[in-house]
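Reading through the structure tokens given below for one structure.
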Amino acid sequence: MDQLNLAGRLRLAFTRRGLCAYDSRPLAQCPERAYLLAPHPERPHDAEAQYPLVLELIAAHAREDGGEVSEVVEVEPVKPHAAYGGDVIEATASFSDGTREQWLVRWDARSLAFEWVRQPLGPPRPCRFEFALPMQPGGGEFVTCSQGHAASDGFDSLQLPKEQALLFHTADIRGGLFLHLGMGGALDLYAGPPPEQSQAPMPLPHAAASQAERCWRGTWVPPVSRMVRLTVTPGTPAAVRAAAELPGLSGFSDASLDFGAFYSHAAAYALFDLTQVPALPLDAGTLRNIVLAAEFCYLLAPEPVRNRLLAAVEACTAREPQESAYDTALILVALGRLHAIGGADESIEARLDWMRAAGRFLLSLRLEGEALPVTRSPELPHLLTKEPAFCALARLGLARLANVLRHFGDHAALEFDDAAAAMRWAAIAPVESEGLWTPSSKHFVHALVYAGLEDAAPGRPRVLSAYRHEQNMMALWLGLYPEEYWAHAVLEQIDYRYTHALGRGDCEIPPEGGRSFPALLEAYVRHKLRRPHAHRLLQRVLGTTRGLAPFPREWARRGTERDPLAPAPYFGLVLQAHYGLDYSRDGWHVGTPHPLENYPLTRVTGLRHRFATINITWQGRGRVQRILVNGATIPHVDAPIGPEKGEHEVTVILG
């Protein structure tokens, strides 16, 4: 046996330099050309005999004195010993320094990973690995580990000493890769040209000329000269599940049995960008993504998302609230969420003075005699603007501030509660009455602008901007509507004016085509309110994604810009609306599920609560009748599930 059949069409074989994983389809059957190509050695000029190369691993010896690297000169496959069992290939490698190694490669179908073991035969030499992972077109590729995060555009080199794991997640779901290094050591990772063609090919597919302009290149030199193991998990879904070994991301909910690979791939973008990139400058856009994405992503991994929110709060509460009205509202929303999910109450208590000051600053933004806050643009300080999204954030921040203050026995909670309620009712007033609602077209205006003077007063000429889909969806999601009537009216008007949710025409969301955040957010709001067409809109968004990535095709043309907020509503749609799950400081709340059409309601695994792992299985249909935890019925179905450490099986009986 000289090669291994991995998952799907993926094959693994020895080359003259090490190992390669390739797609078993000939090039003629693979329209995607963003790979290193592996021509068949007997027909090197026959395009039909060329194979896309997914990964190349090259072996060498590093000289202890820092001199020239010793390369492989011959690889001789041998028949594996019977004791190894199946799914194993073995070879003997000879190096230019005269040393030899035994190579053993074992495929584990359960973990969807293969392990490459290099054992010295004779005098040991420091091992050296080189790996090459072809880049996909259109950018959007990232490498994540506990000490760094790199994108394929504008990136040259990344030094990561003593790392043990790297995760590659790309815009193409087949291109993901998780490398687990057997130990620490020197690791150099960079984006560069593909490695040169192997010189004396074996009678197997091997690395050759490149159709990819760039690829991820890396070298790893372990600190010892004895046996070394390298474990590789190919494919994004499997790689994301394997990446639980990354520090701070020890497991997240896995609903891929019901929702397919898109769930795991979207989680890679959202969670790794959200939790593993603390070095990004905390500008307004980054803060927005952290806070608003956390509203959904805490359902996947409460602990790391909570820690990321705490880090963002730490940075922002060091500033005065008056520095940014938008940031102040966002941080109040985040602190309220942290309090609700048990995010270190002692830390929140230490910030009560800042929170009170932030709440009063938001109240100071109101014009005299009005309830809605206004903001000033740095570019146009003479303009005062009322925007639905900011008003919704301010209202939610004040409401959550009131809850926190009430918990600590502060009577100021009543002041902020009343202000939040007044903002709701003022927002749905008609624009003729200084509100944001347009009764004729049944939606919020994009912005209400007081023009002309710095001290503009009510009654001045106003400029009403055009309808904007995202503003209305955020207002719905953040609870600016006090009753569902207005929400239903907005969705009815959308269906009347546009076709994106009805299965007709293009999937674009006018006038913001190609953005998955407002589209998925609308699907979430529709399903949560039991409005029709949520499943159709979801299918249209997923149907236009490139390689099942969590972004529509239009996004892929925007280069490497990443937005962890974009797939976030998908998790709320799956976990909150479809399964009926929610999370608080006391554990997981299992409510009545409302399954999406065409999707099953079966099982979610890997939910985390403190040191416990919870797996939930649903049986039957309808409302929740009984909940069993490890076979024992809990007294009240409304009680949160927060067991002690360990793994626990939960069965939900519906009827």
Side-chain angles (χ1 to χ4, degrees), residues 1-4 6 12-21 55-133 145-146 160-167 177-189 202 218-234 239 242-243 245-246:
M1 184 178 185
D2 52 13
Q3 61 179 323
L4 292 177
L6 308 186
L12 189 68
F14 288 120
T15 71
R16 292 289 295 190
R17 302 190 294 183
L19 279 173
C20 75
L55 168 70
E56 184 177 18
L57 298 169
I58 302 169
H61 283 164
R63 293 289 177 88
E64 295 178 348
D65 58 3
E68 189 175 335
V69 172
S70 174
E71 299 179 342
V72 177
V73 295
E74 184 180 8
V75 177
E76 181 182 356
V78 298
K79 185 176 181 180
H81 194 279
Y84 293 150
D87 293 336
V88 173
I89 56 176
E90 188 178 0
T92 300
S94 301
F95 292 80
S96 58
D97 59 5
T99 59
R100 301 169 71 227
E101 287 183 353
Q102 180 189 25
W103 291 354
L104 185 69
V105 181
R106 188 192 310 271
W107 168 251
D108 186 346
R110 178 173 298 181
S111 63
L112 297 178
F114 65 86
E115 181 184 62
W116 183 12
V117 181
R118 292 174 58 180
Q119 174 70 54
L121 298 175
R125 293 286 186 273
C127 285
R128 182 179 187 272
F129 291 85
E130 180 179 353
F131 50 88
L133 180 70
C145 64
S146 61
L160 301 173
K162 298 183 179 179
E163 279 305 313
Q164 295 187 358
L166 297 97
L167 175 74
L177 191 73
F178 183 71
L179 294 178
H180 181 268
L181 313 183
M183 59 195 71
L187 178 66
D188 182 25
L189 176 68
M202 297 175 61
T219 57
W220 171 48
V221 180
V224 301
S225 301
R226 52 182 171 82
M227 182 176 67
V228 178
R229 299 173 184 270
L230 173 68
T231 305
V232 182
T233 306
E245 299 178 36
L246 284 174

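Numbering starts at 1 and runs along the sequence shown.
Taking 4.5 Å as the limit, every side-chain heavy atom of Phe114 sits out of range of all side-chain heavy atoms of Ile89. Counting heavy atoms from C-beta on, the side chains of Phe14 and Leu19 come closer than 4.5 Å. In this structure, the side chains of Glu101 and Thr99 stay at 4.5 Å or more apart for every pair of heavy atoms. Within the 4.5 Å cutoff, the side chain of Glu56 has heavy atoms near those of the Arg17 side chain. Thr233 places none of its side-chain heavy atoms less than 4.5 Å from the side chain of Leu177.
Nearest heavy atoms, Arg118 versus Arg128: NH1-O, 3.0 Å. Leu112 and Ala109 get closest at one heavy-atom pair: CD2-O, 3.4 Å. Summarising the geometry of Val72 relative to Ala59, their closest heavy-atom pair is CG2-O, 3.5 Å, with the distance given to 0.1 Å. Residues Trp116 and Gly18 approach most closely at CH2-CA, 4.1 Å, considering heavy atoms. Shortest non-hydrogen contact noted between Trp107 and Ala113 is CE3-O, 3.3 Å. Annotation for Cys127 and Val221: closest pair O-CG1, 3.5 Å, computed over non-hydrogen atoms.
The distance from the OG1 atom of Thr92 to the CD atom of Gln102 is 6.5 Å, given to the nearest 0.5 Å. One distance of note links CH2 of Trp103 with CG of Leu121; it measures 11.5 Å at 0.5 Å rounding. Interatomic distance, Gln119 CD to Leu104 CG, rounded to the nearest 0.5 Å: 10.0 Å. To the nearest 0.5 Å, atoms CG (Leu230) and CZ (Phe131) are separated by 8.5 Å. Interatomic distance, CG of Leu57 versus CD of Glu130, reported as 10.0 Å (0.5 Å rounding). Separation of atoms OG1 (Thr219) and CZ (Phe129) is listed at 12.0 Å; rounding is to 0.5 Å.
By the 4.0 Å N-to-carboxylate-O rule, Arg16 lies too far from Glu74 to be salt-bridged with it.
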- Message: Quick one, Glu71 with His61, criterion side-chain hydrogen bond (donor to acceptor under 3.5 Å, both in side chains). Give me CA distance, side-chain angles, the key distance, then yes/no.
- Response: CA-CA 6 Å; Glu71 299 179 342; His61 283 164; over 6 Å; no

